[in-house]
Amino acid sequence: MDTKVYRINERDEEKIKEAAEVIKQGGLVVFPTETVYGLGANALDEVACKKIFQAKGRPQDNPLIVHVASFDISKYVKYIPDKAKILMENFWPGPLTIIMPKSSLIPDVVTAGLDSVAIRMPENKLARKLIEFSGVPIAAPSANISGRPSPTSIEHCIEDLYGRVDMIIGGERCRVGLESTVVDATDEDIIILRPGFITKEDLEEVVGKVFVDPAIKSEDFKPKSPGMKYRHYAPKAPLKVIKGDTQKVVEYIKENVYNMKRQGKTVGVLIVDEIMDKIDADIKVSLGSIKDPGTIAANLFDKLREFDKTNVDLILSIGFKEDGLFSAIMNRLKKASGNNLIEI
Ligand code: TXA
Ligand code: MG
């Protein structure tokens with residue numbers, strides 16, 4: 001397939017209209033959002049949405065998020081639960097996906113046969129213009145080949161999807177860098193199914209007590225969100241995450257780098273600015289300062305992909321205490337490692 005690539009921003013309305021035309025015609029368009037790039041199709045067009053699954057090799061049982069540009073979502077849901085309304089008013093547009101009871105207008109392929117639908121209004125202006133100009137909601141998963149780290153730059157999208165989609169637009173790096181927080185609002189209690197930039201604490205400020213799907217903490221539970229059961233975000237080399245007191249983590253990494261090197265292996269380390277000078281390794285990558293979780297989140301997927309350009313046999317990554325935004329960061333790191341986590 002011929003893929004058109006337009007490096008544009010939200011002011012380039014002619015090109016955005018051309019992309020909207022592709023959506024209207026049932027094609028696939030990769031576009032930026034503030035979280036990660038999305039692989040979009042007309043959410044009301046079953047045939048178009050099926051192409052999304054093919055293009056990224058996504059399992060059929062993993063439902064898609066429907067992206068909207070207007071608060072009037074009444075056509076797509078059976079009703080808007082009270083707490084969902086409060087969340088929409090407080091966090092839209094922005095990185096929060098809300099699951100609500102679906103209407104019959106949303107095809108089964110989008111929701112993987114579930115009777116609920118995930119809806120989000122992105123903050124990114126280009127994304128919202130694309131939705132507006134298309135005149136339809138846009139179903140979009142992250143624009144990566146299934147299993148790979150989510151794309152936070154147009155280069156990542158080109159790497160994964162060039163030749164598999166009709167158009168790739170954008171250029172800016174994603175501000176947030178982690179996918180949206182996904183909450184289930186179909187019952188009285190709000191439940192976090194996927195942690196993200198909007199934290200539990202942020203949500204509790206507006207709707208009171210919020211619950212977390214136990215599957216996020218422990219592998220013994222079946223996740224409520226089908227997508228959370230798959231290994232995700234994986235770099236090509238095996239990844240091990242080491243969490244604990246910083247001094248001990250540094251010692252562990254140093255010792256393991258030394259042992260691996262003696263076996264003739266190349267080791268990469270994924271660490272933070274504060275310990276860059278303390279560790280010697282073949283490839284050293286910093287996520288940013290430990291004091292700046294926003295930067296660490298924004299860098300994470302890009303840095304994981306960086307190792308794929310090297311010949312490392314193993315990646316050792318620092319782990320973080322799971323609070324605030326670090327909960328989402330650790331969730332992605334654990335998934336990327338296939339739960340290869342050492343706590344010391
Ligand atoms: O930030 C984001 O959310 C990005 C951008 C492009 O908006 N999109 C994204 O989509 O991350 P995706 O497909 O990679 O992840 C969607 C997640 C999956 O874990 C999926 O299982 C879950 O949302 N999901 C979608 N609909 C659901 C539903 N009705 N019930 C439960 N989980 C649902
Ligand atoms: Mg994804």
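Throughout, residue positions are numbered sequentially from 1 according to the sequence presented. In listed order, ligands and their atoms are each counted from 1.
- The protein heavy atom nearest to atom 6 (C) of ligand 1 is Gly38 CA, 3.6 Å.
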- Assess whether side-chain contact (heavy atoms from CB on, under 4.5 Å) is satisfied between Arg11 and Lys125, documenting all intermediate values. CA-CA 9 Å; Arg11 290 187 297 281; Lys125 290 210 177 83; over 6 Å; no
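- Ordered by chain and number, Ser142 OG make up the set of protein N, O or S atoms under 2.8 Å of the Mg ion (ligand 2).
- Only the side chain of Arg58 comes within 4.0 Å of ligand 1, counting heavy atoms alone; its backbone N, CA, C and O stay farther away.
- Looking at Arg305 and Asp160, a side-chain N of the basic residue comes within less than 4.0 Å of a carboxylate O on the acidic one, giving a salt bridge.
- Counting only residues at least two apart or on different chains, no ring pair (Phe, Tyr, Trp, His ring centres under 6.0 Å) pair has a member in residues 180-216.
- Of the polar atoms of Lys56, none of the N or O atoms is found under 3.5 Å from an N or O of ligand 1, judged by distance alone.
- Ion pair Asp273/Lys291 not flagged as a salt bridge, since none of the NZ, NE, NH1 or NH2 atoms sits closer than 4.0 Å to an Asp/Glu carboxylate oxygen.
- The CG atom of Leu304 lies 6.5 Å from the CG atom of Leu333; values are rounded to the nearest 0.5 Å.
- In terms of protein heavy atoms, atom 32 (N) of ligand 1 is closest to Ser225 OG, 3.0 Å.
- Within ligand 1, the atoms closer than 4.0 Å to a non-hydrogen atom of Leu114 are 28 (C), 29 (N), 30 (N), numbered from 1 in the order shown.
- The distance from atom CD of Glu322 to atom CG of Asn331, rounded to the nearest 0.5 Å, is 8.5 Å.
- Shown in contact with His67 at under 4.0 Å from a heavy atom are these atoms of ligand 1, numbered in order with element: 5 (C), 6 (C), 7 (O).
- Of the protein's non-hydrogen atoms, Thr35 OG1, 3.6 Å is the one closest to atom 5 (C) of ligand 1.
- Atoms of ligand 1 lying under 4.0 Å from any heavy atom of Ala118, numbered from 1 in the order shown and given with element: 25 (C), 26 (N), 27 (C).
- Considering each of Val176, Asn62, Asp184, the one bringing a non-hydrogen atom nearest atom 18 (C) of ligand 1 is Asn62.
- Close contacts of ligand 1 with Ile65, meaning ligand atoms under 4.0 Å from a residue heavy atom, involve 3 (O), 8 (N), 9 (C), 10 (O), 16 (C).
- Taking any N or O of Thr33, backbone or side chain, none lies under 3.5 Å from an N or O belonging to ligand 1.
- Salt bridge annotation for Lys15-Glu18: absent, with no cationic side-chain nitrogen under 4.0 angstrom from a carboxylate oxygen.
- Taking the charged nitrogens against the carboxylate oxygens, Glu155 and Arg7 do have a contact shorter than 4.0 Å, which makes a salt bridge.
- Here the heavy atom of the protein found nearest to atom 3 (O) of ligand 1 is Ser180 OG, 2.6 Å.
- Scanning all protein heavy atoms for the shortest distance to atom 27 (C) of ligand 1 gives Pro63 CG, 3.4 Å.
- From the protein, the heavy atom lying nearest to atom 30 (N) of ligand 1 is Ile99 CD1, 3.4 Å.
- With sequence neighbours left out, Phe301 forms a ring pair (Phe, Tyr, Trp, His ring centres under 6.0 Å) with Tyr233.
- For Lys102, no heavy-atom contact with ligand 1 is shorter than 4.0 Å.
- No side-chain heavy atom of Val66 sits less than 4.5 Å from a side-chain heavy atom of Leu64.
- At a 4.0 Å cut-off, at least one heavy atom of Pro226 sits close enough to ligand 1 to count as contact.
- Heavy-atom contacts of Arg194 reach the following atoms of ligand 1: 2 (C), 3 (O), 9 (C), 11 (O), 15 (O), 16 (C), 17 (C) (cutoff under 4.0 Å).
- Distances from atom 14 (O) of ligand 1 to the heavy atoms of Ser116, Ser142, Pro101, Ala127 put Ser142 nearest.
- Among the candidates Thr97, Thr33, Thr35, the single residue satisfying the side chain to side chain donor-acceptor pair (under 3.5 Å) test with Ser180 is Thr97.
- In this structure a side-chain-to-backbone donor-acceptor pair under 3.5 Å is present from Arg128 to Glu123.
- Taking 4.0 Å as the cut-off between side-chain N and carboxylate O, Lys303 and Glu306 count as a salt-bridged pair.
- Residue-ligand proximity: Thr111 is placed with every non-hydrogen atom at 4.0 Å or more from ligand 1.
- Evaluation of the ring pair (Phe, Tyr, Trp, His ring centres under 6.0 Å) test over residues 321-344, restricted to residues two or more places apart or in two chains, returns Phe320-Phe326.
- In this structure, Pro238 and Asn340 have side chains that are not in contact, with every pair of non-hydrogen atoms separated by 4.5 Å or more.
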